Every structure is written in structure tokens, then in C-alpha cells.
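Everything on this sheet refers to the single structure shown next.
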Amino acid sequence: MALMAGNGPFGHKPAGRFNFEPPPPGRALYLDPSPKRIRVMLGGETIADSRRAFLLHESGHMVLYYFPPEDVRSEFLEPTEHHSHCPKKGDASYYTLRAGDRVVENGAWYYPTPLEHAPDGFAGLVAFYFDKMDAWLEEDEQIFGHARDPYHRVDVISTSDHLRFSLNGEALAETTRALALFESNLVTRWYIPRGDVIAGLEPSDTHTVCPYKGTAGYYSVRLGDGTLVEDLVWFYEDPLPEVSRIAGCVCFYNEKVEISLNGEPLSARAPAVTSG
């Protein structure tokens, strides 16, 4: 994500400039060895266990682990006739996974003969659909959502600037006690104390998972005319330790509200990110 997505250096719309001729936007691949022990669980079995796994960084996609075939248990792999083509990597072959009581059709793939401009050492490495497995472990800790990018950074910084949030002219919140969350290639998010919210917050059943921050809950907002704007605010009640300062604060969707910073309107555009 940090290198390849949004306005990252090798993404579709890089914000900076190189002193050399880089690959065309969206065309870069980078195969990065991981120092971590990575395990994949399915049907009560460990189907892959490796300290030699690689992270593939690919423009416009989340990072993805690829495993040496020797570190994948072949007894759980069943070759299929399914194939797909990637213009950057070549033709992929697939396995159906059978472990315990779980069957995942075409749940793993590899490139037997990658294109010549694919990274060295890529041929034969095995990848799994992240969200179709039962669990992923980095060392002894479970990860959620997708693999974590070692070049992705999250900084949480206090600011006393005056922030005002509104929707169609109606004030929603106002604060000088925000935490600015800067996350690689994403729009700045403003986490504010619940006590600085003016609008009525109504609990939502929605939850999302971020591999860098944890599990988010949501609030809908009741406007003065009775209109309910669903899932306009999120929060992390128990965030991951790396971003523990945002615990209990709330964050409005920049893209759905108007935000002013010291009286000046802020742009709410965020770079596009495609998972894959």
C-alpha cells in the first residue's frame, strides 16, 4: 500500500518526483523477502508455515504473501484446470484447498512461467486468498483484513488547530483537541473527543477491520430535521497498541462532511486503493 497505492511512489498517481525514469504508473512489481514467520490456517490445519515468505508489492493492490512451495503442505493442494492472466505477471495456475471440513475452490495460485519482466525468484511461489483462509499469523499474532505492509506508516499527532465539521450547513462537531492520524497515501483523518460532538450519535451494527488500527465500530448521525445519515462516524474502542491514542475518539468521514481548519475549508479527497 505505501509504495504502490494512491499517490505512493509507484502507484497510479505518484505525488513526488524521481531523478530517474521510473516504471509507468501502475506497472511496478516488487518482491520483498519477509523476516517474519508467516502461517496460514484452514480447517484446523496449518497449510503453510514459513520464515522464507515474500511480500509482493503491486501497483493498485494490497501487499500479498507468496510462499516457497516447500513451505506449503502439498497434501492440502489439489491442482485444478482454472487459469487466469495478469499483464504484469503472466498466466496463473490454481489449487483447490482441502483441509479438515473446509474446501476452498481455487483458493491458491502460482505462476509456473512468469513473464520475463516479473521479479527474479517469483516462479512457483504460492499465494492464498487472504479472506478465504481461516486465520493468518505473523509470528504468534493473528493479522486481519490483509497482510501488513512494512512500508506503511501510521502517525497519530496532537493538534490544537480549530476544526469544525458540518453537513449541509448544520454543525456536527467543533474541537481544538483533535488527534491527526496520518496514514501512508491516505487522506488525513481527524479523531476527536466524543464530548466535542454536537450532533446526535446513534449506534450502528457496522464493523470494519483495519490491519494497522484494529476493529472499528460506527455511529449514524441524526440531523436536526430528523434525517438519519448512516455510518457517518467511526471509532476504535480498543485499537491496536501502535495507535492506542485514538481509543474512544470518533472520526467523521472526510468525504461525506464539510471540514474547516482554522476557518479554511479542507479538501476531502482520498487516493483510490484497490484490494486484491
Side-chain angles (χ1 to χ4, degrees), residues 1-36 38 40 48 50 52-69 71-72 80-95 106-133 136 138 143 145-155 182-188 210-212 254-255 267-276:
M1 189 171 186
L3 293 175
M4 302 292 191
N7 59 1
F10 297 104
H12 289 280
K13 295 182 179 180
R17 299 176 182 179
F18 293 98
N19 67 343
F20 63 93
E21 188 63 33
R27 295 293 297 179
L29 293 172
Y30 180 56
L31 191 64
D32 196 11
S34 174
K36 300 174 183 175
I38 308 300
V40 184
S50 182
R52 302 182 300 159
F54 293 86
L55 276 169
L56 182 70
H57 302 258
E58 181 176 358
S59 298
H61 294 271
M62 302 297 183
V63 292
L64 188 65
Y65 279 114
Y66 277 77
F67 296 84
D71 295 344
V72 178
T80 76
E81 297 301 316
H82 182 65
H83 300 278
S84 64
H85 178 76
C86 170
K88 287 181 279 188
K89 300 188 293 290
D91 295 318
S93 299
Y94 285 75
Y95 296 111
N106 300 313
W109 68 92
Y110 66 101
Y111 291 85
T113 310
L115 296 176
E116 62 180 1
H117 56 258
D120 290 342
F122 185 59
L125 298 178
V126 180
F128 303 90
Y129 284 108
F130 194 98
D131 59 352
K132 295 183 179 181
M133 302 300 103
W136 290 73
E138 290 183 346
I143 59 174
H146 58 79
R148 291 187 285 201
D149 188 333
Y151 304 106
H152 186 98
R153 184 181 177 102
V154 181
D155 291 303
F182 299 96
E183 187 166 1
S184 299
N185 306 324
L186 298 176
V187 68
T188 304
C210 170
Y212 307 105
N254 298 41
E255 301 86 347
S267 171
R269 286 175 44 189
V273 178
T274 303
S275 60

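In this text, all values refer to a predicted model and were calculated from it rather than measured experimentally.
A donor-acceptor pair under 3.5 Å is formed between the side chain of Asn254 and the backbone N or O of Thr188. With Ser59 contributing its side chain and Phe10 its backbone, the two residues share a donor-acceptor pair below 3.5 Å.
Across all their heavy atoms, His57 and Pro150 have their closest contact at CE1-CD, 4.4 Å. Between Pro9 and Pro14, the closest heavy-atom pair is O-CB, 3.6 Å. Of all non-hydrogen atoms in Ile38 and Ala53, the two that sit nearest each other are CG1-CB, 4.2 Å. Scanning both residues, Cys86 and Leu115, for their nearest heavy atoms gives O-CD1, 4.0 Å. Closest heavy-atom contact between Ala147 and Leu55: CB-CD2, 4.0 Å. For Glu183 against Cys210, the heavy-atom pair with the smallest separation is OE2-SG, 4.4 Å.
In this structure, CG in Leu64 is found 11.0 Å from NE2 in His146, a value given to the nearest 0.5 Å. Once rounded to the nearest 0.5 Å, the distance linking NE2 of His152 with OH of Tyr212 reads 5.0 Å. The distance from the OG atom of Ser93 to the CH2 atom of Trp109 is 13.0 Å, given to the nearest 0.5 Å. Taking NZ from Lys89 and CG from Leu29, the interatomic distance works out to 6.0 Å, rounded to the nearest 0.5 Å. Note that CZ of Phe122 and OH of Tyr110 are 12.5 Å apart. Values are rounded to the nearest 0.5 Å. The line from CG of Leu56 to CG of Leu125 is 9.0 Å long, rounded to the nearest 0.5 Å.
Take His82 and apply the ring pair (Phe, Tyr, Trp, His ring centres under 6.0 Å) test, not counting sequence neighbours, and it matches Tyr94. Taking Asp155 as the reference, Arg153 meet the salt bridge (charged side-chain N to carboxylate O under 4.0 Å, His left out) condition, with sequence neighbours excluded.
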- Yes or no on side chain to side chain contact (heavy atoms under 4.5 Å, CB included) for Met4 and Tyr151, after CA distance, side-chain angles and deciding distance? CA-CA 10 Å; Met4 302 292 191; Tyr151 304 106; over 6 Å; no
- Task: Take Tyr95 and Val72, measure what side chain to side chain contact (heavy atoms under 4.5 Å, CB included) needs, and give me the verdict at the end.
- Result: CA-CA 12 Å; Tyr95 296 111; Val72 178; over 6 Å; no
- Task: May I have the step-by-step check of side chain to side chain contact (heavy atoms under 4.5 Å, CB included) for His83 and Asp91, ending in yes or no?
- Result: CA-CA 7 Å; His83 300 278; Asp91 295 318; 5.8 Å; no
- Item | Worked check of side chain to side chain contact (heavy atoms under 4.5 Å, CB included) between Val40 and Phe67 | CA-CA 10 Å; Val40 184; Phe67 296 84; 3.6 Å; yes
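The closest side-chain heavy-atom distance from Arg27 to Lys88 is below 4.5 Å.
For the side chain to side chain contact (heavy atoms under 4.5 Å, CB included) with Val63, the qualifying choice from Asp149, Leu3, Asp32 is Asp149, the only one to do so.
Using cut-offs of 30° and 60° for the angle between ring planes, the Trp136 and Phe130 rings count as parallel.
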